[in-house]
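The next block holds one structure in the form of structure tokens; read it before the comments.
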2 protein chains.
Amino acid sequence: MAYAVNALTTLADPTRRTIFERLAERPQAVGELANGLPVSRPAVSQHLKVLKAASLVTDRAEGTRHIYRIDPRGLGEIRKWLDQFWDASLEAFAAEIEKTESTT
Amino acid sequence: MAYAVNALTTLADPTRRTIFERLAERPQAVGELANGLPVSRPAVSQHLKVLKAASLVTDRAEGTRHIYRIDPRGLGEIRKWLDQFWDASLEAFAAEIEKTESTT
DNA sequence: TTACAGCGTAAGCCATGACTAACGGTAAGT
DNA sequence: ACTTACCGTTAGTCATGGCTTACGCTGTAA
């Protein structure tokens, strides 16, 4: 659950979300990502570090190039965390409607 | 989609997440929430304003008391946004595995 | 080994935003 | 009318975190 929280706060940053989207299309190297982004390469590197810590991406070294791609785990944790509130929300909603309408 | 982004950044704050959790259990007034939280009542009020703007909660006046409860809409937007990447992630994963194993 | 390409890290700056204290405004009770 | 309860808003302070610049490290090519 703490993982989901990390993943959530991680994706809260706009730049990080953009990076995540790009990697969702296809795995990419750091420099590749930096081009086409309004921030410097070190900035991308830092973001990738955070994304990796949240299990949202994985990296693989290919010579001096580091290829990053999406890690489904972080995404899954968020989903799990979200569904828990989704259920609670619907439950509360059902209770409220039952109390108001009582349409059996 | 912009809604989902708002909802996501909104739930990134720990205090706001806690408020959201409390409201998931049962609808509550502002003062009720403030008790049991390590922050002041105005702070809670501000957080509720943000949560409301992200369609994550709804409020209903009951005398001078303002009862807040979860709004499923904001939650739904996040889920929709998330699922889009969930699919992209699995797709990329499948492509990778297919390329590596090719176990038809 | 010399040179270059590709990244990660550290230090420092600056903007965003979370919090408190003080105030104003409305509803209910006496 | 006066008081009290309950809440929203504003102004101002302070910490968090994203960004850049500078530097160091590891491979690859000649």
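Reckoned from all heavy atoms, side chains included, excluding hydrogens, waters and symmetry mates. Quick note on labels: first sequence line is chain A, next is B, and so on, each numbered from 1.
The side chain of Tyr68(B) has dG8(D) as its nearest neighbour among dA22(D), dG8(D), dC7(C). Nearest nucleotide to the side chain of Val39(A), out of dC7(D), dG27(D), dC19(D): dC19(D). Distances were taken from every side-chain heavy atom of Thr15(A) (C-beta onward) to each of dC7(D), dC19(C), dC19(D); the shortest belongs to dC19(D). Nearest to the side-chain atoms of Lys49(B) among the listed nucleotides dT9(D), dG18(D), dT20(C) stands dT9(D). Minimum atom distance to the side chain of Thr64(B) is reached by dC6(D), of the listed dA22(C), dC6(D), dT26(D).
Looking at Glu32(A) and Arg65(A), a side-chain N of the basic residue comes within less than 4.0 Å of a carboxylate O on the acidic one, giving a salt bridge. The residues Lys80(A) and Glu77(A) are annotated as salt-bridged, a charged nitrogen and a carboxylate oxygen being separated by less than 4.0 angstrom.
Following rounding to the nearest Å, Ile19(A) (CD1) and dC7(C) (C1') show an atom-to-atom distance of 14 Å. Rounded to an integer number of Å, the gap from Arg65(B) CZ to dC6(D) C1' is 9 Å. The NE2 atom of His66(A) sits 10 Å away from the P atom of dT9(C) (whole-angstrom rounding). For the pair Arg41(A) CZ and dG8(C) P, the computed distance is 7 Å after rounding to whole Å. Rounding to whole angstrom units, NE2 of residue His47(B) and C1' of dG8(D) are separated by 15 Å. Atom-to-atom, CD of Gln46(A) to P of dA22(D) comes out at 15 Å; the value is rounded to the nearest Å. Rounded to whole Å, atom C1' of dG17(C) lies 16 Å from atom CG of Leu11(B). One interatomic measurement links the two molecules: CG of Asn35(B) to C1' of dA5(D), which rounds to 13 Å at whole-angstrom precision.
A donor-acceptor pair is defined here as one N or O able to donate and one able to accept, closer than 3.5 Å; such a pair exists between the side chain of Arg17(B) and the backbone of Ala12(B).
You'll find the side chain of Arg79(B) stays beyond 4.5 Å of the side chain of Leu75(B), heavy atoms only. Annotation: side chain of Val50(A) is not in contact with side chain of Asp13(A) (no heavy-atom distance under 4.5 Å).
Using a 4.0 Å heavy-atom criterion, one finds that Ala29(A) contacts the sugar-phosphate atoms exclusively.
Comparing Glu62(B) and Ser45(A) along DNA chain C, the residue whose closest nucleotide (by nearest heavy atom) sits nearer the 5' end is Ser45(A).
Phosphate proximity of dG18(D) to Arg16(A): present, with a side-chain N or O under 4.0 Å from OP1 or OP2.
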